[in-house]
Structure formats: C-alpha cells, structure tokens
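Proteins come first, then strands; the chains are lettered A, B, ... in the order of their sequence lines, and each starts at number 1. As the structure is a prediction and not an experimental result, all values here were calculated from the model.
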2 protein chains.
Amino acid sequence: MTVSKMSDIDPTVHVPSVEPPLESTALQMGGLSELLGYSLKRAQLKVFEDFLRCMAPLQLTPAQFSVLLLLDNNPGRNQTEIAHTLGILRPNFVAMLDVLEGRDLLTRMRSPSDRRSHVLMLTEKGRAILARAKKLVATKHEARLIELLGPTHHAALLAMLATIATEF
Amino acid sequence: MTVSKMSDIDPTVHVPSVEPPLESTALQMGGLSELLGYSLKRAQLKVFEDFLRCMAPLQLTPAQFSVLLLLDNNPGRNQTEIAHTLGILRPNFVAMLDVLEGRDLLTRMRSPSDRRSHVLMLTEKGRAILARAKKLVATKHEARLIELLGPTHHAALLAMLATIATEF
DNA sequence: CCTTATTTGATATGTTTCATAACGATTATC
DNA sequence: GATAATCGTTATGAAACATATCAAATAAGG
C-alpha cells in the first residue's frame with residue numbers, strides 16, 4: 001500500500017495530483033493474470049513467436065518441426081499414427097505432408113503389407129534440415145528460455161506442464 | 001534404465017518377447033516433450049477445454065470472459081484500450097462486442113467528450129453473469145488445477161508463465 | 001480559421017487453424 | 001463371400017487471426 005491514510009493529508013497543502021503525466025493509464029487486470037489459462041496462452045504465444053524467429057532460416061513451423069522429429073524417431077509409421085500422437089486430425093495432416101513432401105523433406109511410400117497406408121520416411125534432406133533445426137532450437141530458442149528461468153525452474157515448468165497435459 | 005544388459009540375458013532361456021500384446025506400440029517422442037513450446041501448447045489446450053466445460057452453463061469463452069472481467073475493472077474505457085490490453089486486434093474486437101452486446105451483457109455508449117469513441121460498460125445482466133462466471137472459474141476450474149498441482153506449484157507456475165509473457 | 005494528420009469504430013477481405021462428413025480403395029470380420 | 005472397418009483423401013465449413021481501408025471526429029500546424 002503506497003497510498004497515505006486520509007488523516008495524513010494536510011488539507012491546506014496543495015497536492016499536485018500525482019497522476020497527471022500518465023498517458024491513458026494502464027488498465028487493471030482484475031485477477032486475469034492469476035487465471036492459469038490466460039497466462040498459459042500468453043506465454044505460449046510468446047514462445048511460438050520466438051520459435052518462428054529462431055527457425056526462420058529453415059522455414060519450419062512448430063508443427064512441421066514436430067512432424068519431422070517424430071518421423072525421425074519412428075520410421076515406418078503411417079499417417080494416422082503420426083497425426084494422432086501429435087493431436088492433428090487426419091484430414092488436416094494431408095496438406096501438411098503435401099508441403100513437406102513438396103520440399104523433399106519426407107516421402108510417402110505405399111506399405112507392401114497394407115496397401116491402404118503410407119509409410120512415412122524422412123529423406124536425406126529431411127534428416128539434414130532436422131539436424132540443423134534441432135541445433136537451432138537447442139542453442140537459440142530453448143537456451144534463451146533456460147537463461148530466463150534458470151535450469152531448475154525450466155525443468156520444474158516442463159514437469160508441471162506435462163502433468164497438466166496428461167492428468168488434467 | 002529398465003533394460004537389462006546384454007550380458008544378463010541367458011541365451012538358453014526363451015524370452016517371450018515382452019511386447020507382443022501391444023496394439024501398435026506407443027511412439028517415441030524424441031525429446032518433443034522437453035520442448036517448452038510443445039508442452040505449453042498441449043497444456044493450454046487442455047486448460048481451455050476444461051474452462052469451456054466449466055463455463056458451459058453460462059456460454060462464455062475464455063476471450064469473452066476476459067472482456068467482461070476487464071470491463072468490470074475498467075469502466076468507461078473505449079474499444080481500442082480494452083482490445084489492446086487483451087491482445088485483440090480492433091477489427092476482430094467489433095464482432096466480439098456485437099455478440100456480447102446482443103446478449104445484453106454490455107453497452108456501447110458514444111463518449112460525450114470524444115464522439116469517435118465508444119464507452120463500454122457492463123449491463124446489470126453482464127455484471128450478474130460475470131459474478132456467476134467468476135465463481136464457476138474459481139470453484140470448478142482453477143480449483144481443479146490447484147488440486148492437481150498443489151497451491152505452491154500452482155503459484156510458481158503462474159509466476160513463471162508471467163515471466164515468459166512479459167520478459168521473453 | 002483552414003488545411004492536414006491522426007484517431008476511433010467499422011467493413012471488407014484474406015489466411016491459417018481446426019473440425020466434420022463422406023468417398024474409393026483396401027483389408028478385416030463373420 | 002457379404003459386411004464392416006480402416007487408410008488416405010477430398011470437400012466443406014467454422015473460428016481465429018491479420019491487413020488495408022473507410023467515414024466521422026478530433027488534434028495539430030501554419
């Protein structure tokens with residue numbers, strides 16, 4: 001509390017109304033900042049923004065990066081499996097793959113065992129881009145976040161977010 | 001590490017290949033879960049989902065709730081100011097206000113001092129809905145999150161998200 | 001004053017993201 | 001062998017997000 005009590009104010013003294021040079025005062029958030037969802041969204045937007053900046057030389061969105069990373073760690077999976085674990089609906093995944101395949105970062109191959117499904121695999125170029133992307137993410141993006149929060153807090157934050165994502 | 005060393009395995013013993021009843025094994029996340037942006041997005045989606053569930057009886061989205069809350073704490077502000085502090089672009093704010101005004105939760109009044117701008121104010125109904133909404137958020141929504149994380153972790157999480165949102 | 005610039009709410013428009021229904025081809029089930 | 005389920009795909013729509021522009025009102029500069 002920085003405001004004086006009424007009894008402290010001498011009515012004979014001219015108080016120069018301490019707020020005049022304020023250019024349209026900042027708004028009261030009214031507890032909005034204490035809403036986890038609000039802070040989550042705000043933080044997420046900032047983080048994605050920075051991700052895009054760091055990844056600008058490779059022209060990869062967060063979603064595209066996650067697809068390449070998942071393919072690299074799970075070769076031979078089909079579209080349904082990859083899309084599902086990323087929370088992407090299959091119809092929307094098609095156009096996404098069209099773009100990545102058009103950039104020659106991955107290939108769709110008809111599976112010999114089940115000729116309905118496509119086996120997804122990173123191309124040589126796809127693996128190269130992913131390697132560079134992982135370096136950029138680690139050194140430019142995530143490193144900045146760790147620097148801001150400290151490694152301990154950063155780890156704690158990750159753990160709490162995982163808890164929410166899986167157990168909420 | 002739950003995997004035995006090779007030297008621990010007796011080659012004469014039949015190991016029943018511990019993975020057979022797995023229906024299309026879970027995918028390797030390949031470090032994706034350690035990406036703050038990924039976990040942030042996942043957690044944010046879950047939280048918003050729950051917010052909508054809790055708010056279903058009042059039919060308020062997170063964005064609509066934030067507008068009502070901000071108006072209640074900052075009466076007499078115009079559209080530009082409210083929209084700006086919420087990170088909403090003015091053109092998109094118009095339709096949002098049309099809906100809320102159509103539901104008789106707020107009113108647009110031409111300002112006497114500056115007849116370009118609209119002074120926004122909650123109606124009686126708007127204040128009533130907001131009061132019920134705040135109760136629902138506190139008792140159903142945020143309470144569940146605090147129960148999941150514990151009050152201390154919940155507070156720490158809020159603080160870190162605020163740090164990211166403001167200083168990143 | 002009078003001209004010029006800026007601001008406010010609004011419209012139009014486009015892009016991106018997200019969600020649902022349905023189809024042909026293939027495979028599984030009974 | 002008929003029926004059902006699954007795969008990738010297309011079509012389509014709703015919602016969120018962004019840009020350019022407008023008329024009206026106000027502010028600023030000469």
*asked:* Please determine whether a side-chain nitrogen or oxygen atom of A/S117 lies at a distance below 4.0 Å from atom OP1 or OP2 of C/dT26.
replied: no
*Go through residues 85-93 of chain A and report each residue with a non-hydrogen atom lying under 4.0 Å from DNA chain C, sorted by number.*
A/L89, A/P91, A/N92
_I'd like to check the ring-ring contact (aromatic ring centres under 6.0 Å, His included) partners of B/F65; sequence neighbours left out, ordered by chain and number._
B/F51
*Residues touching DNA chain D, which here means a heavy atom under 4.0 Å, drawn from residues 94-108 of chain A*: A/V94, A/R108
*Is any side-chain heavy atom of A/L70 closer than 4.5 Å to a side-chain heavy atom of B/L27?*
yes
*Not counting sequence neighbours, which residues clear side chain to side chain donor-acceptor pair (under 3.5 Å) with A/R144? List them please.*
A/D50
*Quick one: salt bridge (charged side-chain N to carboxylate O under 4.0 Å, His left out) partners of B/E124, sequence neighbours excluded?*
B/R127
*For A/H118, which residues count as a ring-ring contact (aromatic ring centres under 6.0 Å, His included) partner, sequence neighbours excluded?*
none
*Could you tell me, to 10°, how much the axis swings from one end of the helix from C/dC1-D/dG30 to C/dC30-D/dG1 to the other, five pairs per end?*
20°
*Is any side-chain N or O of A/T80 closer than 4.0 Å to OP1 or OP2 of D/dG8?*
yes
*For residues A/I82 and A/M96, determine if any side-chain heavy atom of one lies less than 4.5 Å from a side-chain heavy atom of the other.*
no
*Choose from C/dT8, D/dG8, C/dA10 the nucleotide whose nearest atom is closest to any side-chain atom of B/Q79.*
C/dA10
*asked:* Are B/R90 and B/Q79 packed together at the side-chain level, in the sense that at least one heavy-atom pair is separated by less than 4.5 angstrom?
replied: no
*Going by side-chain heavy atoms closer than 4.5 Å, which hydrophobic residues are tied to A/L148, directly or by a chain of links?*
A/L36, A/L40, A/V47, A/L145, A/L149, A/L157, A/L158, A/M160, A/L161, A/I164, A/F168, B/L36, B/L40, B/V47, B/L145, B/L148, B/L149, B/L157, B/L158, B/M160, B/L161, B/I164, B/F168
Please produce a list of atom pairs where a protein N or O lies less than 3.5 Å from an N or O of nucleotides 25-28 of chain D.
residue : atom : partner : partner atom : Å
D/dA25  : OP1  : B/R115  : NH2          : 3.4
D/dT26  : OP1  : B/R115  : N            : 3.0

*Return the set of residues passing side chain to side chain donor-acceptor pair (under 3.5 Å) with B/E142 (not counting sequence neighbours), or none when no residue passes.*
B/H154
*Output the residues of residues 38-60 of chain A in contact with DNA chain C, where contact means a heavy atom of the residue under 4.0 Å from an atom of the strand; sort by number or write none.*
none
_All side chain to side chain donor-acceptor pair (under 3.5 Å) counterparts of A/S111, not counting sequence neighbours_ = A/S113
*Joint hydrophobic cluster, B/M29 plus A/I88, side-chain heavy atoms closer than 4.5 Å*: yes
